Amino acid sequence: MSLQVSVYRYNPEQDSVPHMQDFTVEVPEGKDLMVLDVLALIKEQDDSFVYRRSCREGVCGSDGMNIGGTNGLACITPLSEAVRKEKLVLRPLPGLPVIRDLVVDMSLFYKQYEKVRPYLINDTPPPATERLQSPEERAKLDGLYECVLCACCSTACPSFWWNPDKFVGPAGLLQSYRFLADSRDTATEERLSDLEDPFSVFRCRGIMNCVDVCPKGLNPTQAIGHIRKMLLEKGS
Amino acid sequence: MSKIRTLTFDAIVIGGGGAGLRAALQLTESGVSAACISKVFPTRSHTVSAQGGITCAIASVDPDDDWRWHMYDTVKGSDYIGDQDAIEYMCSVGPQAVFELDHMGLPFSRTEEGRIYQRPFGGQSKNFGKGGQAARTCAAADRTGHALLHTLHQANIKSGTTFLNEWYAVDLVKNANGQVAGVIAIDIESGEVAYVKAKATVLATGGAGRIYASTTNALINTGDGVGMALRAGYMVQDMEMWQFHPTGIYGAGTLVTEGCRGEGGFLINGEGERFMERYAPNAKDLAGRDVVARSMILEIMEGRGAGPNKDHVLLKLDHLGEAELHAKLPGICELAKTFAHADPVKEPIPVVPTCHYMMGGIPTNIGGQALMQNAQGEDQIIEGLYACGEAACVSVHGANRLGGNSLLDLVVFGRAAGLQIKKSLEEGFDAIDANDADIEAAMVRLNRLNESSAGEKVADVRRDLQNIMQLNFGVFRQEDNMMKGLEALDALKGRLANLHLEDKSNIFNTARIEALELENLFEVAYATAVSALERKESRGAHARNDYQERDDENWLKHSLYFPVDKRIGRRKVNFTPKTMEAFPPQTRTY
């Protein structure tokens with residue numbers, strides 16, 4: 001079966017502007033390929049076509065891209081969900097500079113991640129064994145620690161498009177709350193102080209694009225809500 | 001030659017997976033100037049795909065648990081060619097390394113007492129095999145690798161490690177004295193080639209499962225470190241030992257954790273029979289992975305497979321109930337729905353043994369120092385070169401790795417390599433230098449590729465390589481098939497030398513990287529083929545139809561592959577742990 005695919009192409013060494021290029025790819029009947037499989041078939045036709053990929057099972061977060069207008073991971077998005085009007089349209093994640101084809105420059109995204117100090121802080125001397133944590137305390141981390149840093153959420157967020165240097169964005173804030181919520185972390189005050197400005201958290205308008213696109217089914221908006229509440233309680 | 005930029009560090013770590021990040025962390029925290037070079041952003045490394053857990057006697061679920069029992073299981077699991085001094089080190093240091101992970105913030109699942117949750121895994125016992133099934137695998141639900149990799153990455157951010165992310169190491173720079181003085185690497189984003197100079201170069205490049213057509217491994221698992229070591233002329237060890245994981249999803253190859261069976265799931269054949277009761281009456285579905293994988297293939301070969309083609313078996317989980325499955329195995333529920341279109345709450349998952357792990361690799365001592373042999377056949381340290389994790393063969397896994405032992409291997413020996421390098425630096429290194437000719441020698445294959453004008457396509461040669469390995473070096477092996485496979489690899493060698501890189505651009509050129517990776521896959525595959533032909537016995541994962549018995553008289557040995565003359569040698573297995581008597585070889589039953 002022939003599939004029409006339209007992909008975003010930009011090679012800074014030869015193109016002055018980006019363009020869309022059409023490929024015809026033969027896909028097997030009766031088997032619902034993933035978008036990533038189609039990317040590999042395109043690369044066999046044209047080895048100058050570029051994208052990131054690694055685990056091919058939705059856990060490494062390499063292949064976030066815009067698939068038929070919606071951000072998602074190519075390796076766990078089946079063609080049956082991706083093809084619209086008999087065509088597969090693939091573009092890079094929006095809002096970040098394009099390095100080449102579907103590869104975007106993630107520097108700003110990672111910078112916002114590092115800004116929230118995404119690591120456990122506990123200045124008390126560690127015990128000889130693990131720090132105890134009840135199953136209930138641990139349950140508070142579910143829905144937070146599973147983030148794969150694919151950037152699908154932050155690059156679907158208009159506030160992040162406008163202020164990628166000042167608004168932490170949904171992915172970074174999800175991680176911020178992951179440590180605020182950890183019973184083993186003692187830096188709550190400092191973490192909240194870091195976020196106390198008009199941009200870091202409060203540029204979130206709660207439109208929930210992040211929740212819609214998260215390929216892992218996580219809810220950054222809810223985490224941001226918890227941070228807002230903690231900030232308000234701290235202020236009062 | 002045109003002068004390339006030189007970056008200088010005391011130590012460099014090639015690879016940003018669990019082993020590389022743990023080594024880099026140890027180095028940075030002890031004040032060594034170190035850089036981690038990774039071809040992907042570190043959290044894209046394959047450690048992220050580990051599911052079930054990290055096996056370690058932390059005595060949480062069973063307060064009487066003992067690292068010596070873990071050691072016994074690991075030695076037995078290795079089919080007695082794991083080095084007992086290294087296994088002793090891993091199992092005894094393990095608890096400290098795991099508690100450090102908790103202190104770094106790893107979100108382990110918890111027991112009611114607030115301690116780290118542990119689940120049963122294959123090949124685990126209490127009291128040296130006499131006390132029944134143990135529960136020793138520390139878990140963060142079924143996403144332990146993800147949690148571990150992100151935690152280690154975060155700890156490195158905290159400690160300020162220098163990262164060269166999306167840099168690809170091409171080849172080792174070796175000087176006239178046979179010392180390793182860093183690597184040639186490509187900054188993938190700009191295409192710039194640089195010499196990264198170091199007194200200590202750590203290969204933490206992971207596995208090479210992509211030599212097989214069907215594998216649980218990520219697309220990036222191309223054996224880059226082993227390939228570099230072989231091209232530099234260094235020997236590799238036990239390369240015939242490849243683990244086939246019993247439960248790869250049929251058709252997709254994606255992994256389904258052994259933790260499924262640890263939590264009470266079991267395998268059934270096409271007739272609905274729980275067949276492992278026949279093959280391993282005591283441990284049943286929690287026998288060693290090699291034993292379970294072979295049993296599955298036998299069921300399929302004898303016509304009792306499942307599905308219209310009777311070519312797989314089924315993993316049954318529905319009896320555990322929805323609540324339990326969603327609490328303990330949430331990732332598996334997701335993966336099964338995506339890749340097998342099966343909801344484990346309602347129906348079994350179709351599974352088949354799938355290439356999973358390279359037990360062999362670059363031989364090292366406990367401190368990660370890479371080894372070669374002198375003229376007398378004695379171990380000799382290669383100055384400047386270290387290896388840890390799956391790329392290394394220290395050897396704690398021998399002929400068959402136990403589930404959950406790879407994550408422990410990563411953190412224990414990544415840490416040990418960091419400690420050793422710090423110690424060596426303090427003792428004072430003689431300067432390891434390289435001249436222009438040494439650097440130029442490490443750029444040969446890159447230059448050849450860049451100058452190619454016509455020839456073979458990478459995708460075609462890679463596909464043929466993977467099919468050769470799948471067909472001739474799978475779960476069961478025999479001389480005639482392996483000979484055919486080796487001949488096919490020899491034929492492929494000519495095509496490999498004739499690889500053509502059509503796209504010569506600089507910026508983010510992944511075609512160039514894939515061509516360089518393919519050469520590494522070939523090096524690994526060739527070493528595997530020669531080693532597998534030479535070991536004329538069945539041991540652990542190496543099962544031969546023509547030599548069905550274990551032969552301790554001739555083969556209670558590591559195999560060594562010497563790339564220069566394509567020769568196989570043998571090396572003694574260590575039977576001298578420091579604190580106890582060695583476990584002598586016994587018949588291995590579960």
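Each chain gets a letter, A, B and so on, in the order the sequences are listed, and its residues count up from 1. Since the structure is predicted, the reported quantities are computational estimates derived from the model, not experimental observations.
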> Among Glu136(A), Arg53(A), Glu114(A), Arg178(A), which has the most heavy-atom pairs under 4.5 Å with chain B?
Arg53(A)
> How many angstroms lie between CD in Glu130(A) and CD1 in Ile116(B), if you round to the nearest 0.5 Å?
4.0 Å
> Does the Lys457(B) side chain pair with the main chain of Asp47(A), one donor and one acceptor, at a distance under 3.5 Å?
no
> Do Glu13(A) side-chain atoms and Ile507(B) backbone N/O form a donor-acceptor pair below 3.5 Å?
yes
> Using heavy-atom distances under 4.5 Å, tell me whether Arg52(A) contacts chain B through its side chain, its backbone, both, or neither.
side chain
> Identify which of Ile157(B), Val98(B), Asp503(B) forms the greatest number of heavy-atom pairs closer than 4.5 Å to chain A.
Asp503(B)
> Do any N or O atoms from the side chain of Asp102(B) and from the backbone of Arg131(A) form a donor-acceptor pair under 3.5 angstrom?
yes
> What part of Gln96(B) gets within 4.5 angstrom of chain A, counting heavy atoms only: side chain, backbone, both, or neither?
neither
> Tell me, for Thr151(B) versus chain A, whether the close heavy atoms (under 4.5 Å) come from the side chain, the backbone, both or neither.
neither
> Pick whichever of Pro78(A), Ser62(A), Pro12(A), Gly58(A) has the most heavy-atom pairs under 4.5 Å with chain B.
Ser62(A)
> Side chain of Arg138(A), backbone of Pro107(B): donor and acceptor closer than 3.5 Å?
yes
> Taking every heavy-atom pair that is under 4.5 Å apart, which of Asp182(A), Asp101(A), Val148(A) has the most such pairs with chain B?
Val148(A)
> Check the orientation of His146(B) and Tyr145(A). Use parallel for under 30°, tilted for 30 to 60°, and perpendicular for over 60°.
perpendicular
> Any side-chain to backbone donor/acceptor pair from Arg184(A) onto Leu106(B)? Under 3.5 Å, distance only.
yes
> Quick check on the interface: out of Ile99(A), Leu141(A), Asn11(A), who has the most heavy-atom pairs with chain B under 4.5 Å?
Ile99(A)
> If we define contacts as heavy-atom pairs under 4.5 Å, which of Val103(A), Leu120(A), Asp32(A) has the most with chain B?
Leu120(A)
